[in-house]
There are 2 protein chains.
Amino acid sequence: MGDRAGVTGMQRAELARRTGCNLETVRYYEKVGLLPEPPRTASGYRSYDSTHERRLRFVLRARELGFSLDEIRELLCLVDERDRPCAEVRDVAAVHLAVVRAKIADLKRMERVLKDVVAQCGDGTLPECPLIETLFQERNAI
Amino acid sequence: MGDRAGVTGMQRAELARRTGCNLETVRYYEKVGLLPEPPRTASGYRSYDSTHERRLRFVLRARELGFSLDEIRELLCLVDERDRPCAEVRDVAAVHLAVVRAKIADLKRMERVLKDVVAQCGDGTLPECPLIETLFQERNAI
DNA sequence: TGTGCAGTCTGTAGCAACTACAGGGTCAAG
DNA sequence: CTTGACCCTGTAGTTGCTACAGACTGCACA
């Protein structure tokens with residue numbers, strides 16, 4: 001409970017711990033404009049609160065879903081505008097979904113070829129390795 | 001035919017053109033030790049032949065299959081050793097296959113979530129965007 | 001009051017795997 | 001003899017972090 005509501009005065013390490021984010025990455029996200037610059041204590045230490053935590057969780061979650069930092073920046077703009085961003089957000093996600101699917105297709109092609117050649121190698125006692133032979137063949141023959 | 005047998009005295013641009021490799025990448029592969037340093041003309045121009053082309057094709061093809069440059073270096077060592085590398089080559093490929101499969105699994109998880117939230121957004125007229133809400137939720141809830 | 005240690009700050013350098021210049025040299029055609 | 005296309009080198013940029021070095025702060029314990 002106390003863990004969820006209105007926390008203030010967090011230092012970087014605590015924010016990182018609470019979100020599971022790497023310590024340095026927090027500062028990096030601030031540098032590239034994904035997190036707002038937090039207020040500072042008298043001695044210059046960053047002082048985070050729940051809004052920072054919420055925003056960082058958003059970024060981390062979007063990264064888990066494979067969004068690039070540019071895409072996340074775009075999403076955050078839409079979130080901030082609050083105008084009726086649902087259609088635009090959906091479009092960003094749909095584009096990203098297409099990219100993810102293309103990557104899956106790529107990897108599946110790789111997987112198929114690799115599985116085949118590994119199988120052809122059998123117990124590895126062949127004099128001419130079929131895998132090596134495959135790799136010396138033309139590209140685009142996949 | 002003339003395109004396949006014993007070509008000599010190729011310049012970088014021709015090697016790149018023949019293999020479909022980016023011009024700068026040829027030099028990069030040489031720098032990181034994936035291609036041997038070719039002989040030079042009197043004025044210092046690189047002069048490639050079919051063996052370079054063959055090796056470059058190997059590298060490019062392995063890259064297409066997602067092997068890292070380190071893995072390719074390892075494969076090329078095994079190719080050069082020629083001792084009976086089939087078993088070792090198969091092991092390198094098997095490890096890589098596992099990595100590829102893990103990536104596919106990752107991307108499929110992303111795809112599932114993205115597909116769901118995009119569908120939830122429907123025609124994009126909802127006041128509270130379900131995609132945004134999802135992104136603000138806990139991590140590891142995928 | 002001192003001292004030690006953990007935390008924070010900044011800037012910068014490193015990783016993969018390229019890609020793209022800038023600023024010069026070379027070479028063949030017209 | 002000039003023009004343009006090629007070649008050379010080294011270095012800087014890309015993406016998304018991660019890890020340091022060197023200095024400062026802040027708190028507990030003796």
Side-chain angles (χ1 to χ4, degrees), chain A residues 9-35 37-49 52 55-56 58-76 96 99-100 103 106-107 110 139, chain B residues 8-35 37-49 52 56 58-76 96 99-100 103 106-107 110 139:
Chain A
M10 267 186 286
Q11 289 193 308
R12 200 147 55 96
E14 197 186 342
L15 180 63
R17 188 189 53 73
R18 287 169 66 98
T19 55
C21 183
N22 178 295
L23 186 61
E24 302 286 331
T25 305
V26 176
R27 195 159 64 95
Y28 172 72
Y29 284 160
E30 184 183 321
K31 196 175 77 180
V32 298
L34 290 174
L35 295 179
E37 291 188 27
R40 303 285 184 125
T41 66
S43 59
Y45 286 20
R46 289 172 181 82
S47 179
Y48 298 100
D49 62 28
H52 297 98
R55 198 159 185 107
L56 178 53
F58 183 100
V59 174
L60 293 172
R61 176 90 159 139
R63 287 295 298 141
E64 276 192 346
L65 290 173
F67 285 96
S68 71
L69 297 191
D70 271 349
E71 286 171 324
I72 296 172
R73 237 183 303 269
E74 203 176 339
L75 288 172
L76 286 169
H96 177 59
V99 172
V100 168
K103 279 187 191 161
D106 267 6
L107 286 167
M110 294 181 197
R139 298 169 74 200
Chain B
T8 327
M10 269 185 286
Q11 287 191 294
R12 199 148 54 98
E14 196 187 341
L15 181 62
R17 188 189 53 72
R18 288 169 66 100
T19 55
C21 183
N22 179 295
L23 186 64
E24 302 287 331
T25 306
V26 176
R27 197 159 63 95
Y28 172 72
Y29 284 160
E30 183 183 321
K31 196 175 78 180
V32 299
L34 289 175
L35 295 180
E37 292 188 26
R40 304 285 183 123
T41 66
S43 60
Y45 286 18
R46 289 172 181 83
S47 179
Y48 298 100
D49 63 29
H52 297 100
L56 178 54
F58 184 101
V59 173
L60 292 172
R61 175 92 160 138
R63 287 296 297 140
E64 276 191 347
L65 290 173
F67 285 96
S68 70
L69 298 191
D70 272 349
E71 286 170 323
I72 295 173
R73 238 183 301 270
E74 202 176 340
L75 287 173
L76 284 170
H96 178 58
V99 172
V100 167
K103 280 187 191 162
D106 268 5
L107 286 167
M110 294 181 198
R139 297 169 75 199

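Side-chain atoms are counted along with the backbone in the values below, which use heavy atoms only and exclude waters and symmetry mates. Each chain gets a letter, A, B and so on, in the order its sequence line appears, and its residues count up from 1.
Proximity of A:R63 to the phosphate of D:dT15: no side-chain N or O atom is located under 4.0 Å from OP1 or OP2. Checking the phosphate oxygens (OP1, OP2) of D:dT9, a side-chain nitrogen or oxygen of B:R40 falls inside 4.0 Å. Phosphate contact (OP1/OP2 of C:dT8, side-chain N/O of A:Q11, threshold under 4.0 Å): present. In this model, the phosphate group of D:dG16 is not approached by any side-chain N or O of A:N22 to a distance below 4.0 Å at OP1 or OP2. The side chain of A:T25 contributes an N or O atom lying less than 4.0 Å from OP1 or OP2 of D:dT18. Distances shown here put a side-chain N or O of A:R46 below 4.0 Å from the OP1 or OP2 atom of C:dC9. In terms of phosphate contacts, A:S43 brings a side-chain nitrogen or oxygen within less than 4.0 Å of OP1 or OP2 of D:dG26. The side chain of A:Y29 contributes an N or O atom lying less than 4.0 Å from OP1 or OP2 of D:dC17.
The C1' atoms of five pairs define one axis at each end of the helix from C:dT1-D:dA30 to C:dG30-D:dC1, and these two axes lie 30° apart (to 10°).
Looking at A:R12, its side chain never comes within 3.5 Å of a backbone N or O of A:R46 through a donor-acceptor pair. Under a 3.5 Å cut-off, the side chain of B:S68 and the backbone N or O of B:E71 do form a donor-acceptor pair.
Summarising the geometry of B:V59 relative to B:L34, their closest heavy-atom pair is CG1-CD1, 4.2 Å, with the distance given to 0.1 Å. Of all the heavy atoms in B:R63 and B:I72, the pair that sits closest is CD-CD1, 3.6 Å. Heavy-atom minimum distance, A:L65 versus A:H96: O-NE2, 2.8 Å. Considering all non-hydrogen atoms of both residues, B:P38 and B:S47 come closest at CB-O, 3.7 Å. Pairing each heavy atom of B:A16 with each of B:V26, the nearest pair is CB-CG2, 4.3 Å.
B:R12 has its CZ atom 16 Å from the P atom of C:dT26, to the nearest Å. Protein atom NZ of B:K31 is 15 Å distant from nucleotide atom P of C:dA20, rounded to whole Å. Following rounding to the nearest Å, B:I72 (CD1) and C:dA16 (C1') show an atom-to-atom distance of 12 Å. Rounded to an integer number of Å, the gap from CG of B:L69 to C1' of C:dT19 is 14 Å. Distance, A:L15 CG to C:dT8 P: 11 Å, rounded to whole Å. Rounded to an integer number of Å, the gap from A:E14 CD to D:dG26 C1' is 16 Å. Atom-to-atom, CG of A:L23 to P of C:dC9 comes out at 9 Å; the value is rounded to the nearest Å. Taking atom CG of residue A:L34 and atom P of nucleotide D:dG16, one finds them 9 Å apart after rounding to whole Å.
Between B:S68 and B:E24, the residue whose closest nucleotide on DNA chain C is further toward the 5' end is B:S68.
Once rounded to the nearest 0.5 Å, the distance linking CZ of A:F58 with OG1 of A:T19 reads 15.0 Å.
Counting non-hydrogen atoms under 4.0 angstrom, B:R27 reaches a base of the nucleic acid.
Side chain A:Y45 to base C:dG7: a donor-acceptor pair is found below 3.5 Å.
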